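Let me begin by presenting the structure, written as structure tokens, before commenting on it.
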Amino acid sequence: MSEDTVLAGYRQSIDNIDAAMIHILAERFRITQAVGAYKATNKLPASDPGREERQIARLRKLAEDAKLDPEFSEKFLRFIIEEVIRHHERAAGSAG
């Protein structure tokens with residue numbers, strides 16, 4: 001049975017988007033690792049709850065504007081923030 005060419009085209013686009021998301025996340029984490037090193041060197045706290053809440057509010061609004069579920073976008077961002085804080089805490093521990 002041959003593959004549906006329309007479905008194959010959609011799947012190729014999804015694969016391309018997934019690859020782009022991985023590269024974007026990798027770049028984001030490279031930058032946040034630099035932030036973590038900076039914070040550790042300068043004895044700054046690993047987390048900034050005020051900034052985190054502002055970012056979540058900003059990205060929820062962006063999600064709404066993009067017709068993406070803001071609850072999903074918040075969960076996704078909180079997951080990323082938790083991972084970044086974990087990296088920052090590790091950097092602070094190795095800088096001490």
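Throughout, residue positions are numbered sequentially from 1 according to the sequence presented. The structure displayed is predicted, hence computed values, not measured ones.
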Note, L77 side chain near E52 side chain (heavy atom, < 4.5 Å):
no
Would you check if the side chain of H88 reaches a backbone N or O of T32 as a donor-acceptor pair within less than 3.5 Å?
yes
For the residue pair Q33 / R30, report whether a side-chain donor-acceptor contact shorter than 3.5 Å exists.
no
Is the closest side-chain heavy-atom distance between L25 and I80 below 4.5 Å?
yes
Side-chain donor/acceptor of K39 to backbone N/O of L44, under 3.5 Å
no
Is the side chain of R54 donor-acceptor paired with the backbone N or O of G50 at a distance under 3.5 Å, no angle test?
yes
Under a 4.0 Å threshold between the charged nitrogen and the carboxylate oxygen, would E89 count as salt-bridged to R86?
no
Are any non-hydrogen side-chain atoms of I81 and I85 less than 4.5 angstrom apart?
yes
Between D18 and I22, does a side chain to side chain contact (heavy atoms under 4.5 Å, CB included) hold up when you go through it step by step?
CA-CA 6 Å; D18 288 347; I22 293 299; 5.7 Å; no
Are there over 12 heavy-atom neighbours, none belonging to R11, within less than 6.0 Å of that residue's CZ?
no
Can you tell me if Q12 uses its side chain to pair, donor with acceptor, with the backbone of A8 under 3.5 Å?
no
Report yes or no: do E27 and H23 form a side-chain donor-acceptor pair below 3.5 Å?
no
Distance (rounded to the nearest 0.5 Å) between L59 CG and D65 CG:
11.0 Å
To the nearest 0.5 Å, atom CD of E53 lies from atom CG of D48 at 10.5 Å
Using side-chain heavy atoms (C-beta onward) and a distance below 4.5 Å, is R78 in contact with I56?
yes
Are F76 and F29 linked, directly or through other ILVMFWY residues, by side chains that come within less than 4.5 angstrom of each other?
yes
Working to the nearest 0.5 Å, report the span between OH of Y10 and CG of D4.
9.0 Å
Of the non-hydrogen atoms in A91 and S94, which two are nearest, and what is the gap between them?
O-OG, 3.0 Å
